[in-house]
Amino acid sequence: IANATNVRNLTLFFVLIGMIAISASIVSEEYSKSTIKLLLIRPYSREKILLSKYITTLISMFILLLLIIVVPLILNYLYKGSSIFGSIIYGNILTNKVVHTRVIIYYINLVISFIPMILMYTTLAFFISVLTMSSSIANMLSFGIFFVSQILEGIALIFNFSLIKYSFTVVSDYTSYVSMTTINNSMYNVAEKFNLTLFEQNITYIIYMIVFLTLSFVIFKKRDIKNI
């Protein structure tokens, strides 16, 4: 149970670092190495080229997630035997339900609940990469935005700034609907204090994704590469 509960921080840390690094460089490196011209002379539209880059990023994300799920489960089974197939009962404060499930199912559901947040930061880093044409700047900005948003979220809770519930950090966090939520969980605090509904969360999340992707494609399509 302890391993399943700690997966939140470990998964977020390793997968986010990996995905931000990949998505922040997959487009910008083409500019840095001046290979973007060779890429664009191929008989494909710019939209298709950028889409293929984004799909490659998503495939990388799911491979990392698969490793995050499979490797710990194998190690846990080798060291602790069949305990991962045992049953657990816990209360989720956010959903106000008592959940009866198996440890392995809880673990997998918790990892899956990370996908929206990982996808959000992956898409953000992808957009910044297209915008800045620099992998180093895209990495710094993406990581900076992540850490600053966590700080601002805490400040907003203290000063009762309700608009924080629409920040992409909050709306991309679905783990509290799965995890053994406590009152110290930031998503729980924001959702409870400012009455963030699941419908509002879903709509706001979709809007962020559409904006990031639309801007990425528009900028990439209109960018002049003659002087690169």
Undergrad: Find the distance between CD1 (Ile207) and OG1 (Thr214) and round it off to the nearest 0.5 Å.
TA: 11.5 Å
Undergrad: Go through Phe62 and Ile115 one step at a time and tell me if the side-chain contact (heavy atoms from CB on, under 4.5 Å) criterion holds.
TA: CA-CA 9 Å; Phe62 283 109; Ile115 293 178; 4.1 Å; yes
Undergrad: Taking all atoms of both residues into account, what is the closest heavy-atom pair of Lys221 and Arg46, and its distance?
TA: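 In this case the closest contact between Lys221 and Arg46 is O-NH1, 3.2 Å.
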Undergrad: Ignoring hydrogens and geometry, is there a side-chain-to-backbone donor-acceptor pair from Ser52 to Ile49 under 3.5 Å?
TA: yes
Undergrad: Is any side-chain heavy atom of Met61 less than 4.5 Å from a side-chain heavy atom of Leu65?
TA: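 Yes, side chains in contact.
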Undergrad: Using the rule that two of Ile, Leu, Val, Met, Phe, Trp, Tyr join whenever any of their side-chain heavy atoms come within less than 4.5 Å, decide whether Ile206 and Phe168 are in one cluster.
TA: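 They do not share one cluster, since no chain of ILVMFWY contacts under 4.5 Å joins Ile206 to Phe168.
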Undergrad: For the backbone of Tyr166 and the side chain of Tyr208, can you confirm whether one donor and one acceptor N or O come within less than 3.5 Å of each other?
TA: yes
Undergrad: How far does CD of Glu47 sit from CZ of Phe220, to the nearest 0.5 angstrom?
TA: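 The CZ atom of Phe220 is 9.0 Å from CD of Glu47, to the nearest 0.5 Å.
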Undergrad: CD1 of Ile20 to CD1 of Ile128: how many Å apart, nearest 0.5 Å?
TA: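 It comes to 8.5 Å.
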Undergrad: Which value, rounded to the nearest 0.5 Å, describes the distance between Leu124 atom CG and Leu141 atom CG?
TA: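 These two atoms lie 8.5 Å from each other.
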Undergrad: Apply side chain to side chain donor-acceptor pair (under 3.5 Å) to Tyr54 and Thr123, showing your working.
TA: CA-CA 8 Å; Tyr54 187 67; Thr123 306; 2.7 Å; yes
Undergrad: Closer than 3.5 angstrom, by distance alone: can the side chain of Gln201 be matched with the main-chain N or O of Asp173 as a donor-acceptor pair?
TA: yes
Undergrad: Picking from Leu50, Ile26, Val218, what satisfies side-chain contact (heavy atoms from CB on, under 4.5 Å) with Val130?
TA: Leu50
Undergrad: Could you state whether Ile210 and Ile55 fall into the same hydrophobic cluster, counting links through intermediate Ile, Leu, Val, Met, Phe, Trp or Tyr residues with side-chain heavy atoms under 4.5 angstrom apart?
TA: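 In one cluster with Ile210: Ile55, no.
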Undergrad: In Å and rounded to the nearest 0.5 Å, what is the CG to CD1 distance from Leu58 to Ile63?
TA: 11.0 Å
Undergrad: Return the CE to CE distance between Met117 and Met19, rounded to the nearest 0.5 Å.
TA: 15.0 Å
Undergrad: Taking C-beta and beyond as the side chain, do Leu16 and Phe143 meet within less than 4.5 Å on heavy atoms?
TA: no
Undergrad: Between Thr122 and Phe212, does the side-chain contact (heavy atoms from CB on, under 4.5 Å) criterion hold? Intermediate values first, please.
TA: CA-CA 10 Å; Thr122 296; Phe212 289 152; over 6 Å; no
Undergrad: Strictly distance-based, threshold 3.5 Å: is any side-chain N or O of Ser28 a donor or acceptor partner for the main-chain N or O of Ser129?
TA: no
Undergrad: Given the rule in the side-chain contact (heavy atoms from CB on, under 4.5 Å) test, do Leu119 and Tyr205 qualify, once you have shown the distances and angles that lead to the verdict?
TA: CA-CA 11 Å; Leu119 182 60; Tyr205 182 89; 3.7 Å; yes
Undergrad: Step by step, would you call Ile145 with Val148 a side-chain contact (heavy atoms from CB on, under 4.5 Å)?
TA: CA-CA 5 Å; Ile145 289 172; Val148 170; 5.9 Å; no
Undergrad: Is the backbone N or O of Ile22 less than 3.5 Å from a side-chain atom of Ser25, with the two atoms forming a donor-acceptor pair by type?
TA: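 At least one qualifying donor-acceptor pair exists.
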Undergrad: Considering residues at least two apart in sequence or located in another chain, which fulfil the side chain to side chain contact (heavy atoms under 4.5 Å, CB included) criterion with Leu131?
TA: Phe127, Ile219
Undergrad: Going by atom types only, do Tyr121 and Ser23 share a side-chain donor-acceptor pair under 3.5 Å?
TA: no
